[in-house]
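Input: a single structure, listed below in structure tokens.
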Amino acid sequence: MNMAKYNPQKIEKKWQEAWYKSSIFKAKNGSKNKKFYLLVEFPYPSGDGLHVGHCRSYTALDIIARKKRMQGFNVLFPMGWDAFGLPTENYAIKKGVHPSVVTKKNTDNFRRQMKSLGLSFDWSREINTTDPKYYKWTQWIFLQLFKNNLAYKDKIAINWCPKDKIGLANEEVINGKCERCGAKVEKRDKEQWMIKITKYADRLIEDLNLVDYLEKIKIQQKDWIGESHGALIKFSLEGSEEFIEVFTTRIDTIFSGTFLILSPGHNFIDKYKNKIENIDEVLKYRETAKNTSDIDRTNQDKDITGVELKGITVKNPATNEEMPVWTADFVLEQYGTGVVFADAHDKRDFKMAKKYGIPLRTSIKPENELSAQKAKNLEECFEGEGALYNSMHFDGLTSSEARPKIISWLREKGYAENKISYKLRDWVFSRQHYWGEPIPMIFCVKCGWQAVLEKNLPVELPKVKKYQPTDTGESPLSAIEKWVNVKCPKCKGPAKRETDTMPNWAGSNWYYLAYTMPKISNFKFQISNSAKEFSQWMPVDWYNGGMEHTTLHLLYSRFIFKFLWDIGAVPKIIGAEPYKKRTSHGMILGEGGIKMSKSKGNVINPDSVVKQYGADTLRVYEMFIGPFEQMIPWDIKGVVGSRRFLEKIYNLVLKKAIPAKIPTVSPSRTRDEVGAEENFKKLLHKTIKKVGDDIEAMKFNTAVSSLMEFVNAWSIAENSLDKPASDKGYGLAKKDLQEFLKILSPFAPHLSEELWQRAGFKGLCCAQKWPKYDEKLIEEKNILLIVQINGKVRDKIEVNAGITQKQAEEIVLKLEKIKNRITNIKEVEKVVFVPGKLINFVTIDKDK
RNA sequence: GCGGACGUGGCGGAAUUGGCAGACGCGCUGGCUUCAGGAGCCAGUGGGAGCAAUCUCGUGAGGGUUCAACUCCCUCCGUCCGCACCA
């Protein structure tokens, strides 16, 4: 047998070129076939190249794309580059190369790697967020936000990373540390462009009902937006018409409210400077609080501190009692109104009152008598719900009954209203860096902030000598006078450009729309848009990405899409959600279950796996490694198993001429069952069904294992009988081999293509129709009936699938071991019969 | 603290959703391929008892429901992830 060994390095290149030449992966605008838009998050093209984690999700979606194409869908499966970002900028600073040069090099490398994996992206639609033709529209979106009052400039205390010298969004701060570099984040007051995502908070929650996202993704988004229903209460200032508004979800505790606590930064303090007798002390406390980083402030063990605002009191609208006003740093300025009313039913309030001797009162009774006593005696704090007391005519009501009643009672007096509050905050959109989209705004002393005229877009990044951010927090762009100084678009007077750039999320807000156009240079946004490219492809049918983007990219892009939809920049017919379905992949960890990282030296480079084992092996391995949505450690030995599997197929097909039939042998069956060529066909059709179903459910691991089972059966027939099946004249039938190669092809496309050709079949394997399984064939005529006694398996017999209980009993009771067990010792009390599955004899001891 | 996921052989993991626990792969053991090698082939492989047929125990721990529980319910232990002074 002088056949060549399986040599993926040789065949894979060849087929990649063949696919490219045939344009088979190109999405067709205007096609009559049903569309299917599959999207996988585009990567940030780092200098490290593709990660095996990228390969996992790309291969998974590639498998779906390939299957959908074979099923006759007009598939859009695009790829591009989210290329603005700090690592590129840092590299550029270090090496003195322009970031665009670095980007070009990195994207070339990523593209090469993706192609080497046989991923079926439509490369003709490739986009790059740093391409001026692309970011022209990123800037256009910003202008529309500005025109619709959703972009505004505000001086706020931002999260400032002292190492990266950059302002961070709340979402980018992890445990008080910079998401990128891990440096402790500081607070800094800075003028920033802000985007009013909060205006969409309710719809971003509500519309989750319209989409098919993994439940955990929905939950995370909801939690992040953090909607809570409550009330806004007015506490009037003693001796004044003024009042302070407080948001609460626990208005049922209003009768126990004995003091008010403001956040240290609350503007009330500035407003009543003159009235506050100890203003110096209060301002000093504010300063200290500001300098306490988030990580220290949220430390649970930290002692509670606070300062009373002497000379100021407010009136509790429920009790009419006078209440002192304090400030404490556990009250957050950004949530609610930045004020809480304090009582004995909140741990922090309780602790604070105890510490400073502020009077406390309770008004909620816990069910448990002991806790009720302790709570009443102010020995411990009760935070739960219960029955009201000390609450006038609301006494006896439960917390949830009381809330709406108290609100309407106070509302009538003009002191309360229903209110929904969100944790979500407006999106800090400014970055003081070079490598980002310039914010297309101009500041004129006379006219204020003016939008760059749309016809002047894009505002291109100018060439600079230094990309280094400055310590003052100014963007490096501010140093380029020629670029900064412009005419005001309104009064034509001297004005200056905004030198901040956009965050790296800006470009990914709308990239799924860019792909709908065959060429980015033809792309166009406009108001009252009815572009058929949008309505042909949108919404995205299936979007896969990382869990880490759930509260960032996924939320942002849903918001921006809704905005574009509202202003008519995308046709209404698409609907208000960009992604129909969202799934998420698990990370690939290093061997031993630790994270892959350069510092640990356990990073697996896909190139080396492709070189040593081949792309198909890598693909099959990454699908077989474990459940797609689960984190999984890399195991180099497992790669070998996938390689063996492919090699086995290669040998099976090429060792023989194409035989006609094969007997069935599945590893679990005895070899005596051989003989039914029908059985082998049956196994094939079962496999076709299983693989198809599993791909849709993203159960790639079990899809691969069912392919393996089929191949094992095939291999046994060829190798372990007295004579190979094909020598006897019955191997795998030609047509069945075709069907098998077709279902294998999404997983191992190169090998399938090669074997398809070598077996003498016409055309490209990946262009064939996805096989249909034969329902009748899959239907089992005979089943293995489980025979149980008292729920324990005692025997298994093969019987006709339609067997009745009577017939089954008759057969089973004749079996020696069953007969003995039952008739000798016990008496049958009851028989449970599950048609097609099992028969169970429930017995009682004869003695009893 | 809150929310979510999870716990099955030496390892990664299967189990039609209440009906054969351990599919498939790795590893290991034995054998075959008239040299060697393995990324080839065959067989075996949860623990215990037995020459064997077979018996028995077994899905983090304990309890419950059921003819029947990896699966459902309760209590506890443990791991991972997300959020975290959110009024």
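We name chains A, B, ... by the order of the sequence lines, and we start the count at 1 in each one. Keep in mind the model is a prediction, meaning the values are calculated, not measured.
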Among [options], the one nearest [X] by side-chain distance:
| X | options | result |
| --- | --- | --- |
| A:Asn701 | B:G3, B:A14, B:G12 | B:A14 |
| A:Lys637 | B:A87, B:C24, B:C26 | B:C26 |
| A:Thr702 | B:C86, B:C24, B:A14 | B:A14 |
| A:Ile219 | B:C20, B:G4, B:A87 | B:G4 |
| A:Ser715 | B:C42, B:C20, B:G25 | B:C42 |
| A:Val640 | B:G25, B:C86, B:A39 | B:A39 |
| A:Ser228 | B:C41, B:A87, B:C24 | B:A87 |
| A:Pro627 | B:G13, B:G25, B:C81 | B:G13 |
| A:Arg794 | B:U56, B:U16, B:C80 | B:U56 |

Using a cut-off of 4.0 Å on non-hydrogen atoms, how would the nucleic acid contact of [X] be classed: base, sugar-phosphate, or nothing?
| X | answer |
| --- | --- |
| A:Lys699 | sugar-phosphate |
| A:Asp349 | nothing |
| A:Ile786 | base |
| A:Ile632 | sugar-phosphate |
| A:Lys347 | nothing |
| A:Leu838 | base |
| A:Arg644 | sugar-phosphate |
| A:Val834 | base |
| A:Met547 | nothing |

Subject >> Comparing A:Lys796 and A:Ser642 on RNA chain B - which has the more 5′ nearest nucleotide >> reply: A:Lys796
Original post:
Taking 4.0 angstrom as the limit, do A:Lys355 and A:Asp303 come out as a salt bridge?
Top reply: yes
Original post:
Does a salt bridge link A:Asp346 with A:Arg348, judged by any charged N lying under 4.0 Å from a carboxylate O?
Top reply: yes
Original post:
What distance separates A:Asp349 CG from A:Thr258 OG1, expressed to the nearest 0.5 Å?
Top reply: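 Separation between the atoms: 8.5 Å.
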**OP:** Mind telling me whether A:Tyr6 and A:Tyr650 have parallel, tilted or perpendicular rings, with 30° and 60° as the class edges?
**Re:** tilted
Original post:
Under 30°, 30 to 60°, or over 60°: which ring-plane class applies to A:Phe341 and A:Phe235, parallel, tilted or perpendicular?
Top reply: tilted
Subject >> Strand RNA chain B as a dot-bracket string - pairs counted if Watson-Crick or G-U with both distances under 3.5 Å, | where the partner lies in another strand >> reply: (((((((..(((......[....)))((((((.......))))))((((....))))..(((((..]....))))))))))))....
Work out how far the [atom1] atom of [N] is from that of [M], and round it to whole angstrom.
| N | M | atom1 | value |
| --- | --- | --- | --- |
| B:G64 | B:A14 | C1' | 28 Å |
| B:G12 | B:G27 | P | 15 Å |
| B:U16 | B:C35 | P | 47 Å |

Distance, rounded to the nearest Å, where [X] contributes [atom1] and [N] contributes [atom2]:
| X | N | atom1 | atom2 | value |
| --- | --- | --- | --- | --- |
| A:Ile233 | B:A87 | CD1 | P | 13 Å |
| A:Met708 | B:G12 | CE | P | 17 Å |
| A:Lys423 | B:G3 | NZ | P | 11 Å |

Original post:
Has A:Gln630 got a side-chain N or O lying under 4.0 Å from the OP1 or OP2 atom of B:C6?
Top reply: no
Original post:
Think A:Lys419 has a side-chain N or O under 4.0 angstrom from the OP1 or OP2 of B:C86?
Top reply: no
Original post:
Does A:Lys419 make a cation-pi contact with A:Phe247, if we ask for NZ or CZ under 6.0 Å from the ring centre and within 45° of the axis?
Top reply: no
Sort me out a list of protein N/O and nucleotides 67-69 of chain B N/O pairs below 3.5 Å, or just none if empty.
residue: B:C67; atom: OP1; partner: A:Lys830; partner atom: NZ; Å: 3.3
residue: B:C67; atom: O2'; partner: A:Asn840; partner atom: ND2; Å: 3.4
residue: B:C67; atom: O2; partner: A:Asn840; partner atom: ND2; Å: 2.5

Original post:
With no hydrogens and no angle check, do the side chains of A:Ser263 and A:Tyr335 hold a donor and an acceptor under 3.5 Å apart?
Top reply: no
